[in-house]
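Single-structure report; data block below.
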Amino acid sequence: MLKKLCLLNGTSGDEKRVREFIINEIKDYCEYRVDPLGSIIAFKKGAKTPAKKVCFNAHMDEVGFIVTGITDEGYLRFSEVGGFDPRVYLDRVVTVGEGVKGVIADKAYHLLDEEERKKCPSADKLLIDIGATSKEEAEKHISLGDFVYFDSDYNEFGDGFLKAKALDDRIGCMLLIELIKSELEYDTYFCFNVQEEVGLRGAKCTSFAVQADVSVILEATTAADFDGVSGAERVCVLGDGAVISFMDKRTIYDKELYNLGMSVAKENGIPAQTKTAVKGGNDAGAVQTSGAGSRVMAISTPSRYIHSGASVVKLSDIENERKLIKELLKVIYD
């Protein structure tokens with residue numbers, strides 16, 4: 001399922017393919033509706049109705065690009081959709097619109113002057129080459145406003161590692177689908193949110209609609225555990241289990257829920273860790289402050305090279321995240 005989810009294209013504002021896949025997976029297991037922005041709000045009936053309303057969240061969208069212009073020579077101008085470094089998409093193969101292949105073009109090293117070699121060009125200086133020789137030819141295949149996605153395979157490699165695009169946050173989507181298909185002790189809400197990468201927009205709407213007392217956000221988060229990085233600068237580590245956050249740039253997480261997550265992991269022998277840097281953010285930032293507010297916790301998969309076409313995670317971390325959620329379901333409604 002994760003492979004199918006990652007290979008779907010779903011840049012912020014263009015989540016239709018992901019949404020249709022998820023609906024097809026959950027439609028026989030729960031009640032659901034699609035809100036005006038395009039997020040899915042699902043309700044799964046459990047054996048009991050809890051005193052607290054609990055909602056699990058994940059986002060469907062991924063970072064990408066959008067076509068903003070076409071040059072006379074047939075190259076495409078573009079802007080980023082979501083936040084990421086041009087160094088991760090320079091000279092990368094991309095898919096434009098409904099299947100047109102292209103390359104994010106750059107000068108060859110031999111043609112760069114001394115100053116150009118010292119810095120990475122910004123998105124407004126780069127173009128997408130789709131093999132057209134004129135604006136007229138390009139316009140036969142491309143329209144302004146077409147979305148652009150990383151063209152990236154799904155590969156397992158090494159000792160249990162996985163490389164793909166959109167692991168942020170198709171892992172969370174997969175785990176939510178699994179929960180909906182399982183037998184639950186308590187009634188539970190699930191939100192598959194749109195447009196997280198451009199400002200947590202979908203979550204603001206779904207959390208206002210659900211008004212959960214407790215909200216759990218399933219995410220991917222930045223790991224920096226590579227050569228030359230040590231101590232707290234590693235942030236989190238692949239292979240050390242799910243990440244339970246205490247704070248990021250958008251959210252101070254509920255202390256009791258943070259402690260609960262850590263204690264449940266310890267009591268059940270499930271590897272878990274926290275982030276050792278206050279960086280980034282996720283849908284919790286919108287969920288926490290929508291409507292009357294919600295207590296929030298985030299459980300994330302550590303990921304190297306996040307917000308690129310080649311993010312890397314470890315399969316054991318996903319499995320331990322799955323185990324942790326299963327145990328949390330026994331106590332989070334109390």
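Everything numeric in this text was worked out from a predicted model, so none of it was measured.
Counting heavy atoms from C-beta outward, Glu62 and Leu8 have side chains that stay 4.5 Å or more apart. Here the side chains of Ser182 and Leu184 are in contact, with some heavy-atom distance below 4.5 Å. When side chains are defined from C-beta on, Ile180 counts as touching Phe192, because their heavy atoms get closer than 4.5 Å. When side chains are defined from C-beta on, Tyr29 counts as touching Lys44, because their heavy atoms get closer than 4.5 Å.
Salt bridge Glu20/Arg17: absent, no basic N to carboxylate O contact under 4.0 Å. Ion pair Lys181/Glu178 not flagged as a salt bridge, since none of the NZ, NE, NH1 or NH2 atoms sits closer than 4.0 Å to an Asp/Glu carboxylate oxygen. Classification of Asp248 and Arg250 as a salt-bridged pair fails, no side-chain N sitting under 4.0 Å from a carboxylate O. Looking at Lys135 and Glu73, no side-chain N of the basic residue comes within less than 4.0 Å of a carboxylate O on the acidic one, giving no salt bridge.
Cluster annotation: Ile22 and Tyr189 are assigned to distinct hydrophobic clusters (Ile/Leu/Val/Met/Phe/Trp/Tyr, side-chain heavy-atom contacts under 4.5 Å, transitive). In terms of hydrophobic clustering, with Ile, Leu, Val, Met, Phe, Trp and Tyr side chains grouped at heavy-atom distances under 4.5 Å, Leu328 and Phe190 are assigned to a common cluster. Cluster annotation: Phe43 is not connected to Phe56 through the hydrophobic network of ILVMFWY side chains, with a link wherever side-chain heavy atoms come within less than 4.5 Å. Taking hydrophobic clusters as Ile, Leu, Val, Met, Phe, Trp and Tyr residues chained together by side-chain heavy-atom distances below 4.5 Å, Leu329 shares a cluster with Tyr258. Neither Ile40 nor Ile217 shares a network with the other; the hydrophobic side chains, linked directly or stepwise wherever heavy atoms of I, L, V, M, F, W or Y lie under 4.5 Å apart, form separate groups for each.
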Quiz: residues 259-269 side-chain donor-acceptor pairs under 3.5 angstrom, not counting sequence neighbours:
unit_1, atom_1, unit_2, atom_2, d
Asn259, ND2, Lys255, O, 3.4
Ser263, OG, Asn259, O, 3.1
Ser263, OG, Leu260, O, 2.9
Asn268, ND2, Val264, O, 2.8

Side-chain donor-acceptor contacts of residues 30-38 below 3.5 Å, not counting sequence neighbours, with atom names and distances?
unit_1, atom_1, unit_2, atom_2, d
Asp35, OD1, Leu37, N, 3.0
Asp35, OD1, Gly38, N, 2.9
Asp35, OD1, Ser39, N, 2.9

Donor-acceptor pairs are to be reported for all side-chain atoms of residues 270-288 against protein atoms at under 3.5 Å, with residues two or more places apart or in another chain.
unit_1, atom_1, unit_2, atom_2, d
Gln273, OE1, Val237, N, 2.9
Gln273, NE2, Val237, O, 2.8
Gln273, NE2, Gly241, O, 2.8
Thr274, OG1, Ile244, O, 2.7
Lys275, NZ, Thr221, OG1, 3.1
Lys275, NZ, Lys279, O, 3.0
Thr276, OG1, Ala232, O, 2.7
Thr276, OG1, Val235, N, 3.4
Thr276, OG1, Val235, O, 3.2
Asn282, OD1, Tyr253, OH, 3.4
Asn282, OD1, Ala284, N, 2.8
Asn282, ND2, Tyr253, OH, 3.0
Asp283, OD2, Asn193, ND2, 3.3
Gln288, NE2, Ile252, O, 2.8

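Around atom CZ of Arg322, more than 12 heavy atoms belonging to other residues, nucleotides or ligands sit under 6.0 Å away. For Asp91, the CG atom sits in a packed shell: over 12 heavy atoms of surrounding residues, nucleotides or ligands are nearer than 6.0 Å. More than 12 heavy-atom neighbours from other residues, nucleotides or ligands sit within 6.0 angstrom of CZ on Phe21. Other residues, nucleotides and ligands contribute over 12 non-hydrogen atoms within 6.0 Å of the NZ atom of Lys53.
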Are Glu327 and Lys330 close enough, and set up right, to give a salt bridge (Lys or Arg N to Asp or Glu O under 4.0 Å), and what steps lead you there?
CA-CA 6 Å; Glu327 295 302 324; Lys330 299 175 182 178; 3.2 Å; yes
With side chain to side chain contact (heavy atoms under 4.5 Å, CB included) as the criterion, how do Val81 and Asp61 come out once you've worked through the C-alpha distance, each side chain's angles and the decisive distance to 0.1 Å?
CA-CA 10 Å; Val81 179; Asp61 57 316; over 6 Å; no
Glu156 vs Lys163, salt bridge (Lys or Arg N to Asp or Glu O under 4.0 Å): CA-CA, chis, key distance, verdict:
CA-CA 6 Å; Glu156 294 185 20; Lys163 186 279 296 182; over 6 Å; no
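The salt bridge (Lys or Arg N to Asp or Glu O under 4.0 Å) test applied to Arg304 returns Asp225, not counting sequence neighbours. Partners of Gln211 by side chain to side chain donor-acceptor pair (under 3.5 Å), not counting sequence neighbours: none found. Residues satisfying the side chain to side chain donor-acceptor pair (under 3.5 Å) test with Thr301, not counting sequence neighbours, are Glu321. Under the salt bridge (Lys or Arg N to Asp or Glu O under 4.0 Å) criterion, Lys27 pairs with no residue, sequence neighbours left out. Not a single salt bridge (Lys or Arg N to Asp or Glu O under 4.0 Å) links Glu80 to another residue, sequence neighbours left out. Residues satisfying the salt bridge (Lys or Arg N to Asp or Glu O under 4.0 Å) test with Asp151, not counting sequence neighbours, are Lys101.
A donor-acceptor pair shorter than 3.5 Å can be found between the side chains of Thr188 and Tyr333. Checked by atom type, the side-chain pair His307/Glu197 shows a donor-acceptor distance below 3.5 Å.
When hydrophobic side chains of Ile, Leu, Val, Met, Phe, Trp and Tyr are connected at separations under 4.5 Å, Ile306 ends up as a singleton with no cluster partners. Other members of the hydrophobic cluster containing Ile130, listed by chain and number, are Val63, Phe65, Val67, Ile70, Leu76, Phe78, Phe84, Val88, Tyr89, Leu90, Val94, Val96, Val100, Ile104, Leu126, Ile128, Ile142, Leu144, Val148, Phe150; membership follows side-chain contacts under 4.5 Å among ILVMFWY residues, whether direct or relayed.
Atom CD1 of Ile23 and atom CG of Asp28 lie 12.5 Å apart (nearest 0.5 Å). The CG atom of Leu218 sits 11.5 Å away from the SG atom of Cys191 when rounded to the nearest 0.5 Å. Note that CG of Asn57 is 7.5 Å distant from CG of Leu176, once rounded to the nearest 0.5 Å. To the nearest 0.5 angstrom, Gln195 atom CD is 5.5 Å from Arg201 atom CZ. For the atom pair Met174 CE and Lys4 NZ, the distance stands at 13.0 Å (nearest 0.5 Å). Here Arg295 contributes atom CZ and Ser215 contributes atom OG; the two are 10.5 Å apart, rounded to the nearest 0.5 Å.
Residues Tyr305 and Ser311 come closest through the heavy atom pair O-OG, 3.1 Å. Between Cys55 and Ala212, the shortest heavy-atom distance links the atoms CB-CB, 3.7 Å. Here the closest non-hydrogen pair linking Val18 and Gly10 is CG2-CA, 4.1 Å. Nearest heavy atoms, Asp153 versus Asn155: CB-OD1, 3.6 Å. Taking all atoms of both residues into account, the shortest heavy-atom contact from Ser230 to Arg234 is CA-CD, 3.6 Å. In plain terms, the two heavy atoms of Ala220 and Ser303 that are nearest each other are CB-CB, 4.5 Å.
Evaluation of the salt bridge (charged side-chain N to carboxylate O under 4.0 Å, His left out) test over residues 206-219, restricted to residues two or more places apart or in two chains, returns none.
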